[in-house]
Amino acid sequence: MQSSSTLDLAVNAAKSWLEEINERPVGAIDDLETLRAKLISHLSDEGSSPEEVVNDLVEATKGGLLGSAGGRFFAWVIGGSLPSALAADWLTSTWDQNAALYACGPAASVVEEIAGEWIKELLHLPRQSSFAFTTGCQLAHFTCLAAARAAQLKKVGWNINEDGLFGAPIIRVLTSEHRHASIDRAVRYLGLGNKSLVSIETDSDGRIRPENLKRALSASSAPTILVLNAADLNIAAFDPFEELIPIAKEAGAWVHIDGAFGLFARASKQKFHLTAGLELADSWATDGHKWLNVPFDCGIAIVKDRDAHREAMTISASYIAPENQARDQIDWNPEWSRRARGIPVYAALRELGKDGVADLVDRTSRYCHAIVTEIDKIPGAKMMWEPQLNQGLLRFLDLRPGATEADHDRRTDAVIAEVNASGEAFFSGTTWNGLKAMRVSVVNWRTNDEDVKRTIRAVENVVRELQKTEPEPAC
Ligand SMILES: *Cc1c(COP(=O)(O)O)cnc(C)c1O
């Protein structure tokens, strides 16, 4: 059976990838040119056998894969895949259901219905809320903000579905200066334009102060959407929801939360307090593919006003026969045909249970704290942000006398590049308050004590080597 031997090849390749993930270099080995040379060939007339296709794909991509599914990858915010979630993802592709309608995939519809209810329960969000499993947090923002746009315009007598945006009242979107750029893109997708964005200044802890929100709100009486951070990507700053949301509600604003990874702090008793008051918002966007550790692609949009959400997304067509009792995903999702991406979420939540998710959040946060504070003890390393959750910042100093901030910026970039080149761990950089920093983001279920030790040792070696090769100061 040709099909079965092709799948066997894939299963074996997947298994050896996972078995080797802790031993192979975390960074990619091949450069761009090499990868192109290995992968681009002419599109043949005659095709190839499926076995040949899979074998070649495995060989040609080997050197170009990041070990982000492994335990020593701390760049950006990229989760791994829990065993059940990965297996469920394989099956999702195998079953190949079109999860647009109950009629096209009855089991997929019910699994997603249950997974969505579980997510609301786990994250302590209003139980009447509607939800959608989108490709990622970007499209979850789009979905939630489409509902927000419609609802805010409806309040001033404008029907967005019928009349569109030409001639509509201006909407403004107030957001943190430390927002994720996916908010800007969602606003663009929605036709509101970048000029509708108003950045609100934060304090040095990355949080919006109530006075600043009040000032921004009082600047105009236009229909308003406020977007708050449930963990920004640099330091995991949570805006003070308990103070801010009532002020925004009083002014008639729709409050949306960017909780791509930070929303999962609500699953932990230890971390829940960071998110107090977040349930007062109108909509929440988060990810399955970050802290919940399901494979890409999986975001989740949650909207308190079900009708606003449904009106923004639903469509009827002559060939759609709605099932009265069943959940048709097309009523809530921006896509038409779609993958049943809620199935891996269902699997991950069943595997972990509520306690397991809490433990994942607490454990990875503890590891982040250990990595940042231990590296801080290395001469020349400096903690810029002590992790309160799973994100921290470090800077590396050029120890030559008279070294400037620009020298420290260069040193920080060099440490990141050298650690990544060592293959021992993988980090990414950022700029925080005008200074270069190394970000430490821990979200992978695989990260363990040994990974943490090995990572600290790798950074220590790189810092020591760079100091050894330090040229004498020019003066
Ligand atoms: C990753 C991230 C996003 C974007 O999420 P995608 O799943 O990549 O679309 C938005 N906001 C924050 C804070 C993030 O970390």
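In this chain, residues are counted from 1 in sequence order. When a ligand or atom number is given, it counts from 1 through the structure's own listing order.
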Can you list the ligand 1 atoms lying under 4.0 Å from a non-hydrogen atom of [X]?
{"X": "K290", "answer": "1 (C), 2 (C), 3 (C), 4 (C), 5 (O), 14 (C), 15 (O)"}
{"X": "A260", "answer": "2 (C), 3 (C), 10 (C), 11 (N), 12 (C), 13 (C), 14 (C), 15 (O)"}
{"X": "F261", "answer": "15 (O)"}
{"X": "D287", "answer": "5 (O), 6 (P), 7 (O)"}

Between [X] and [Y], is there a side-chain N and carboxylate O pair less than 4.0 Å apart?
{"X": "R395", "Y": "D409", "value": "yes"}
{"X": "E311", "Y": "K154", "value": "yes"}
{"X": "R209", "Y": "E243", "value": "no"}

* To do: Please tell me if the side chains of N444 and T364 come closer than 4.5 Å, counting only heavy atoms from C-beta onward.
  => no
Run the ring-centre check on [X] versus [Y] and record whether the distance is less than 6.0 Å.
{"X": "Y346", "Y": "W118", "value": "yes"}
{"X": "W284", "Y": "H256", "value": "no"}
{"X": "F272", "Y": "H124", "value": "yes"}

* Ignoring hydrogens and angles, state whether a donor on the side chain of R363 or Y367 is under 3.5 Å from an acceptor on the partner side chain. => no
Top protein contact for [atom], by heavy-atom distance:
{"atom": "atom 11 (N) of ligand 1", "result": "D258 OD2, 2.8 Å"}
{"atom": "atom 5 (O) of ligand 1", "result": "C137 CB, 3.0 Å"}
{"atom": "atom 4 (C) of ligand 1", "result": "H180 CE1, 3.6 Å"}

Under 3.5 Å between any N/O of [X] and any N/O of ligand 1: does that happen in this structure?
{"X": "H141", "value": "no"}
{"X": "D232", "value": "no"}
{"X": "G136", "value": "no"}

* Asked: Does ligand 1 have any atom sitting under 4.0 Å from a heavy atom of R179?
  ->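 Outside the 4.0 Å threshold, so no.
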* Asked: Can you find a non-hydrogen atom of G299 under 4.0 Å from ligand 1?
  -> no
* Asked: Do the ring planes of F133 and F131 sit parallel (below 30°), tilted (30 to 60°) or perpendicular (above 60°)?
  ->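 Answer is perpendicular, since the angle exceeds 60°.
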* Within reach of ligand 1, part of Q138 (heavy-atom separation under 4.0 Å) ->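 For Q138, the contact with ligand 1 is made by both the backbone and the side chain.
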